[in-house]
Amino acid sequence: MIKVKVVGASGYGGIGIIELLLRHPQAEITTLVALESVGKPISEIWPHLTGFCDKVVHSPEDAEALEPVDVVFMATPDRVGMKSAGAELERGAKVIDYSGDFRFNSASEYAEYAQRIGKNPVHDSPELLPLSVYGAPELHRREITPERRIVGNPGCFAISCILGLAPAAAAKLFRPDSVICDCKSGISGAGKKLSSSFHYPNRYEMMNAYKLAGHQHVCEIERELRLLNGEDVKVTFTAQVVPVCRGIMSCLYADLVSPVSEEDLVSVYREFYKDSVFVRVLPSTAPVGSMHVRGTNYTNIVVSVDRRVNRMRIVSYIDNLMKGQAGSALQNMNLLFGLPETTGLEHPSFFP
């Protein structure tokens with residue numbers, strides 16, 4: 001059995017991976033760590049886990065004295081993983097980090113990311129960055145191997161946009177300076193926080209755009225598209241919050257280099273993702289929405305071409321807490337331990 005520690009266990013990212021691990025045939029949760037609710041069973045914080053996971057939450061300091069584990073999920077904000085990943089590696093564990101700490105492979109790339117979002121550009125463990133891999137299995141499956149020690153889990157908006165644009169980028173079908181990502185997320189994307197902005201009366205029937213000056217996921221999107229396309233791809237990105245609990249809908253636009261039919265574009269996408277079970281490519285007539293991926297690790301990609309203006313239009317649907325977070329993390333864990341990447345993840349969405 002793969003012994004697992006979850007750091008940040010009391011938040012949405014932590015509870016998401018706990019729920020998935022309880023269904024995983026090869027994994028055993030041994031340690032839960034958080035800054036809040038220390039000493040309480042996790043089932044007291046999240047009552048739906050009663051009888052399924054009643055383990056007590058430990059403080060980071062107390063957890064250091066507990067038995068070693070095989071993998072640590074860091075469901076934590078930026079700059080937490082970079083401070084503790086080294087010690088976890090020394091104890092023999094692999095690390096899957098949810099934040100931006102290990103999504104970039106050099107100190108200079110990290111600095112560019114941090115500066116763009118107004119954070120400290122100095123990485124605390126730069127020597128670990130070359131050991132990490134970007135945790136998008138659909139693009140980096142060959143690099144996420146048992147020899148790898150650190151995975152930087154993708155951001156939720158980022159993976160939605162990257163998967164939606166990757167096939168066209170790789171085929172050089174669009175102008176690299178014409179990409180627009182218009183993205184809407186459910187409220188859970190903000191995490192489990194208390195603030196007036198997320199108070200129910202302020203959120204009900206409320207939609208708003210935010211971080212227009214620069215969103216943290218743009219660096220990931222542009223980096224991955226550049227690797228696929230061979231040229232710098234510049235993205236106009238708009239993040240919006242809509243009054244639903246979970247889910248992301250990313251409407252992605254780019255000017256085509258040459259005219260292409262919807263049928264041919266669908267074929268390009270299906271060929272690109274032929275080995276990726278968690279990506280479903282659909283034509284523009286498909287009656288799908290965010291409900292059809294809720295609670296799953298799937299990405300539904302709707303492919304459309306507006307021939308009147310020679311522009312492609314891709315709509316990418318994911319569950320922000322699953323493919324955008326815990327689902328991708330478990331998929332990465334499977335690959336790190338040589339398991340089929342679908343293990344513990346193949347189930348349909350919940351409907352209605």
Side-chain angles (χ1 to χ4, degrees), residues 1-11 13-22 24-42 53-107 110 122-135 140 143-154 325-326 328-339 341 343-344:
M1 296 292 281
I2 301 167
K3 296 185 180 298
V4 180
K5 177 194 291 186
V6 179
V7 181
S10 61
I15 191 61
I17 195 63
I18 290 169
E19 290 169 344
L20 290 176
L21 289 167
L22 290 173
H24 196 286
Q26 304 273 351
E28 176 189 359
I29 302 170
T30 63
T31 308
L32 301 178
V33 181
L35 294 177
E36 60 182 36
S37 305
V38 172
K40 296 181 180 180
I42 192 70
C53 184
D54 300 300
K55 288 187 174 295
V56 169
V57 175
H58 296 274
S59 69
E61 296 75 22
D62 291 343
E64 291 180 5
L66 301 178
E67 65 176 300
V69 297
D70 300 307
V71 62
V72 179
F73 290 93
M74 302 292 300
T76 50
D78 279 18
R79 305 200 69 82
V80 176
M82 68 171 70
K83 297 179 188 298
S84 55
E88 298 292 358
L89 296 180
E90 289 180 5
R91 287 192 284 266
K94 299 175 187 289
V95 172
I96 300 173
D97 186 86
Y98 282 27
S99 77
D101 288 5
F102 293 104
R103 291 175 186 158
F104 306 92
N105 298 116
S106 69
Y110 177 80
V122 180
H123 198 285
D124 286 353
S125 301
E127 74 281 1
L128 299 181
L129 291 174
L131 306 179
S132 69
V133 60
Y134 189 64
H140 299 289
E143 302 165 64
I144 308 171
T145 64
E147 292 73 35
R148 189 69 65 168
R149 302 294 305 280
I150 307 175
V151 173
N153 220 47
Q325 199 172 59
S328 281
L330 189 64
Q331 188 179 358
N332 287 318
M333 186 201 83
N334 287 334
L335 291 171
L336 286 178
F337 288 90
L339 300 174
E341 64 189 84
T343 306

Give a yes or no on whether Leu66 atom CG has more than 12 heavy-atom contacts from other residues, nucleotides or ligands under 6.0 Å away.
yes
If you apply the rule side-chain contact (heavy atoms from CB on, under 4.5 Å), what do you find for His24 with Asn334, and how did you get there?
CA-CA 10 Å; His24 196 286; Asn334 287 334; 2.8 Å; yes
Would you indicate whether the side-chain heavy atoms of His123 and Phe104 approach each other to under 4.5 Å?
no
Roughly how far, to the nearest 0.5 Å, is the CG atom of Asp101 from the OG1 atom of Thr76?
7.0 Å
Looking only at atom types and distance, does a side-chain atom of Arg91 sit under 3.5 Å from a main-chain N or O of Gly86, one as donor and one as acceptor?
no
Side chain Asn153, main chain Ile96, donor-acceptor under 3.5 Å:
no
Closest heavy-atom contact between Gly13 and Ala326?
O-CB, 4.4 Å
Is a donor on one side and an acceptor on the other found under 3.5 Å between the side chain of Ser84 and the backbone of Val80?
yes
Is the backbone of Val4 close enough, under 3.5 Å, to the side chain of Thr30 for a donor and an acceptor to pair up by distance?
yes
Nearest 0.5 Å, what's the CG-CZ distance between Leu128 and Arg149?
9.5 Å
Quick one: closest heavy-atom pair of Ala34 and Pro60, and the distance?
O-CD, 3.8 Å
Does any N or O in the side chain of Asp70 come within less than 3.5 Å of the main-chain N or O of Ile2, such that one atom is a donor and the other an acceptor?
no
Closest non-hydrogen atom pair, Leu339 against Thr343:
CB-OG1, 4.2 Å
Start with the C-alpha distance between Val33 and Val72, add both sets of side-chain angles, then the distance that settles side-chain contact (heavy atoms from CB on, under 4.5 Å), and finish with yes or no.
CA-CA 10 Å; Val33 181; Val72 179; over 6 Å; no
Glu341 side, atom CD; Met333 side, atom CE - distance, nearest 0.5 Å:
12.5 Å
So which atom in Asp54 and which in Pro41 form the shortest heavy-atom distance, rounded to 0.1 Å?
O-CB, 3.5 Å
Hey, could you give me the CD1/CD1 distance between Ile18 and Ile42, rounded to the nearest 0.5 Å?
4.5 Å
Donor-acceptor under 3.5 Å (Lys94 side chain, Arg148 main chain)
yes
Value rounded to 0.5 Å, distance of CG in Leu22 from SG in Cys53:
5.5 Å
Arg103 (side chain) donor-acceptor with Tyr98 (main chain) under 3.5 angstrom
yes
Who passes side chain to side chain donor-acceptor pair (under 3.5 Å) against Glu64, sequence neighbours left out?
none
Report yes if the side chains of Lys40 and Val57 come closer than 4.5 Å at any heavy-atom pair, otherwise no.
no
Expected output: side-chain Asp78 to main-chain Gly100 donor-acceptor under 3.5 Å:
yes
How many angstroms lie between CG in Leu336 and CG in Leu330, if you round to the nearest 0.5 Å?
10.5 Å
Please step through side-chain contact (heavy atoms from CB on, under 4.5 Å) for the pair Phe102 and Leu129, ending with a clear verdict.
CA-CA 6 Å; Phe102 293 104; Leu129 291 174; 3.9 Å; yes
Does Gly152 offer a backbone N or O that forms a donor-acceptor pair with the side chain of Asp97 under 3.5 Å?
no
